[in-house]
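See below for the structure under consideration.
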2 protein chains.
Amino acid sequence: MVATLNPVNHCHQLLSAANHNHACRLVITASFNEVAINDGDKRSNKSTRLAKSISNLLNLYIEKPSLKNFLHRNDWNVVAQAEAKLELPTMSPKEDISSIWRDIHGCSDWENLLDPLHPFVRRELIKYGEFSQATYDAFDFDSFSEYCGSCLFNRRKFFEKLGLTKHGYDVRKYIYAMSQFEIPRWLEKSYVTDTWSKDSNWMGYIAVSDDLESKRIGRRDIVVAWRGTVLPSEWYEDMQRDLEPLGHGEAKVERGFLSIYKSKRMSTRYNKTSASEQVMEEIKRLTKFYKSTGEQVSLTITGHSLGGALALLNAYDAAMTFPTLPISVISFGAPRVGNIAFRDELHHRGVKALRITIKQDLVPRMPELKLDARASPFLKRGSNFIGVHHPETYLHLVDGFVSSNSSFRSDAKRDLALVNKYCDMLVNELRIPAYWYQLSNKGLVSNEFGRWIRPKRENEDVPSPIEEEENYDL
Amino acid sequence: MVATLNPVNHCHQLLSAANHNHACRLVITASFNEVAINDGDKRSNKSTRLAKSISNLLNLYIEKPSLKNFLHRNDWNVVAQAEAKLELPTMSPKEDISSIWRDIHGCSDWENLLDPLHPFVRRELIKYGEFSQATYDAFDFDSFSEYCGSCLFNRRKFFEKLGLTKHGYDVRKYIYAMSQFEIPRWLEKSYVTDTWSKDSNWMGYIAVSDDLESKRIGRRDIVVAWRGTVLPSEWYEDMQRDLEPLGHGEAKVERGFLSIYKSKRMSTRYNKTSASEQVMEEIKRLTKFYKSTGEQVSLTITGHSLGGALALLNAYDAAMTFPTLPISVISFGAPRVGNIAFRDELHHRGVKALRITIKQDLVPRMPELKLDARASPFLKRGSNFIGVHHPETYLHLVDGFVSSNSSFRSDAKRDLALVNKYCDMLVNELRIPAYWYQLSNKGLVSNEFGRWIRPKRENEDVPSPIEEEENYDL
């Protein structure tokens, strides 16, 4: 398990409104303008949110919860519950779902499977959720690294490094994206002049279920996982200012998302083809191969936040090209992507989209499986609009969701500590540090003279378009 | 080398003006009030400082330096210099100073040894500086730990764990302190109800030079290292509101410092005796023993910030009890401790005090060896009033100081990366992350089920008054 420095990024993205050096002052000014110029509910509401967001940042490694609150809290049974889990595996044993995979994949729009949540569905949702979580965990956010914006690991060791081999999938291709427009706070750039790529970021990957997992789930499952960003809702409002037509119908989608999905430039190292083309070409290759072997094939596209938006664009593309392929989208905290016509077209083309949202999360707009952060006894009360948007918070709530009118699942097995990887959501009684997912000494190591230096990346983990284009046997 | 979470503390202390949950809003309001109600230079000056302090906190893991500034900077020779050092030892070979140790120890007030700075003096200053730095590096700041406020390591392994065996000293005793007054933001407390100690904090240690080092430095050197705190200058102004008489003369010292130095209570585990009594008893034991073996003995008391203040109180005590013992104080960024009469008494009793200060540091008041942060080509320009108070910043500038009218020492050997351990002072070109001194995953480890848990402390590192009282052979 390798920790990346997501917290840096998470907050960088939140803060880096403009010149990073003044980010802090900017945000503060903002929050005070709110107080100054607005009035009515909106004002308090929004300024609270901004204050919260600052507080959140400061909390990053600073805030100590009030000693009083801490010692006087009385739900020690929460601690007992948590301790009882410590000696348990983090998942129930796998079930064979080969006979009912189409329902779990959404062929009947998950009717009667969501509320109460069917345990088989829960397990699959968490699997795909962990695939999209992996796009954060493996991303190089370090602006001092010449590989900033790339994936930390070689494709072939991706799941191994992230402790996800348990799901029985293999990564087949990495996805890179750029944008023809300046999209503020989207592209992660290195401060080093000579870098692996100036224009592109690693945006996710395509994986395929191995023989054993394919047997269990009743088909060869192609997964596309799109990386997102943890950004304040304001960012999404910016992204969504202009709609652009898609295809020949009435369908329109947000210009910002489409630009990331479609942009390419010959002069770049990684986007001579667009993210869209990279993904579609690989899906074509894979479906062609597996159909030739007579296997059933499904496409499942997943992503959190921005990643969820790209997943829908990807699904639209795929549905056009592969009319008979069962396609579903499992998105977590995804924003609105297009107009009603876009949604209808997706529907007509048979794309099944399950959006998982948290009531308190400000980003999503068209919720389908509604989670409630207050349902979990392990989460802090009070609004933390960054924390409730975090993917691990989603996975925790999916893990504990039984039905909209019943309490948190008592035998939920997922490791609670994961919730605090990049945020401060767990009650203090659990004594899990906030934002704990970090490298020792930010990756610096001591050389033979006792000097602290930045280690070179393993050769196999250095991004290389050529190496990645290498063919492999299916 | 074990990283502790000082950054947390460093900022916690800075921020925790009152209820930690509102720390952020408090600070911000403050800074904006400044802008609103003050005017004239003072206003901009102070509000800048506060803004800086916030920005500093945000920077903790968030700020990305402006790409423009970074790429357009032109002193790449700074990088070249830094790279040239990477393959060098971090210190020059040790010299035998046995014949001149009294001068280096300050017997003639370091006359003609400071400007230009004598290389032998520089090496000794850095040795004592690293002893006081160690009091931060070994301190448990984790409020979720039941050992918060203690030393992380067993006394016998202290220097080994911190990579300081090279200096040839052995730790003989730990020092604990409490305060009879509520001194805001001084005592580190655990949130866990049942802890190692509710009233006391580990405040430093007493060490003695081993035979080899004693031979090199011409005497058996007893070192007392006092832990400090990295707090904004305002805090010291609070501490210094009331003077209290000391001894029978005119001498008066700050009530806050004296309280930490002198407080005790029978009901406590670690302060049945005061820090003062603990230290004095051990010094008595050690001097008695080494004098009995006919060795020359010296006492060197060191500390940074608050630790420098306690060092002076300790020196005053020691001078009363051991009139013939050569006593010197090497303090880094220490605040004012007492009135003129106190200083004169110290002088009359032959205590040699060398205060090392950085021009830009707002805490100290009676500078003697004046360093200038602008003298180092490796440090960022612009005011960073927290950064310039950090002990590692002091050690870097001592390492590079030649004389007040010459530039930074080109063959300075100390590892530059250390400067950014707890702050953001190095120019970005060096690509050393800010605040990099941190534990992997904040010390959480994955158990056999893949759950992230807080490991138990090694038995030998669990604080125990009994164990620590154990006698040992001198």
Side-chain angles (χ1 to χ4, degrees), chain A residues 1 3 7-8 11-12 15-16 19-21 23-25 28 31-32 51 54-55 57-58 60-67 69-71 85-90 142-144 163 189 191-193 415 417-418 428 431-433 436-442 444 446-447 449-454, chain B residues 1 3 7-8 11-12 15-16 19-21 23-25 28 31-32 51 54-55 57-58 60-67 69-71 85-90 142-144 163 189 191-193 415 417-418 428 431-433 436-442 444 446-447 449-454:
Chain A
M1 194 73 152
V8 182
C11 290
H12 155 59
L15 256 200
S16 54
N19 178 328
H20 303 292
N21 294 322
C24 126
R25 214 177 292 83
I28 292 151
S31 77
F32 279 79
I54 300 170
S55 129
L57 293 170
L58 293 175
L60 191 44
Y61 294 84
I62 297 144
E63 177 182 307
K64 298 194 162 193
S66 145
L67 195 53
N69 298 351
F70 187 82
L71 296 180
K85 294 183 197 294
L86 289 181
E87 302 294 294
L88 291 176
T90 58
D142 176 2
S143 325
F144 284 158
K189 275 190 178 148
Y191 298 140
V192 187
T193 36
D415 184 10
L418 294 173
N428 300 325
R431 295 173 53 205
I432 301 298
W436 60 263
Y437 201 46
Q438 58 182 30
L439 283 176
S440 166
N441 298 330
K442 295 196 173 177
L444 295 185
S446 175
N447 75 2
F449 303 103
R451 294 186 184 273
W452 290 91
I453 58 165
R454 172 180 301 276
Chain B
M1 195 72 151
V8 183
C11 290
H12 154 58
L15 256 200
S16 55
N19 177 328
H20 302 293
N21 293 322
C24 124
R25 214 174 294 88
I28 294 151
S31 78
F32 278 78
I54 300 170
S55 127
L57 294 168
L58 293 177
L60 193 44
Y61 293 85
I62 297 146
E63 178 183 306
K64 298 195 162 192
S66 145
L67 195 54
N69 297 351
F70 187 81
L71 296 180
K85 294 182 197 293
L86 289 181
E87 301 295 292
L88 291 176
T90 58
D142 177 3
S143 322
F144 285 159
K189 275 190 180 147
Y191 298 140
V192 187
T193 35
D415 183 10
L418 293 173
N428 300 326
R431 295 174 53 208
I432 301 300
W436 60 263
Y437 200 45
Q438 58 182 31
L439 283 177
S440 166
N441 299 330
K442 295 196 174 178
L444 295 185
S446 174
N447 76 2
F449 302 103
R451 294 184 184 273
W452 291 90
I453 59 166
R454 173 181 298 276

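Lettering of chains follows the sequences in order, A, B, ..., and the numbering in each one begins at 1.
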Audit row: B:I432, A:W452, side-chain contact (heavy atoms from CB on, under 4.5 Å) steps and yes/no: CA-CA 9 Å; B:I432 301 300; A:W452 290 91; over 6 Å; no
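Taking OH from B:Y437 and CG from A:L444, the interatomic distance works out to 12.0 Å, rounded to the nearest 0.5 Å. Atom CG of B:N428 is separated from atom OG of A:S143 by 9.5 Å, given to the nearest 0.5 angstrom. Interatomic distance, CG of B:L439 versus CG of A:N441, reported as 8.0 Å (0.5 Å rounding).
If you measure heavy-atom distances from B:L86 to chain A, the contacts under 4.5 Å come from both the backbone and the side chain.
Judged by distance alone, the side chain of B:R451 and the main-chain N or O of A:L88 form a donor-acceptor pair under 3.5 Å.
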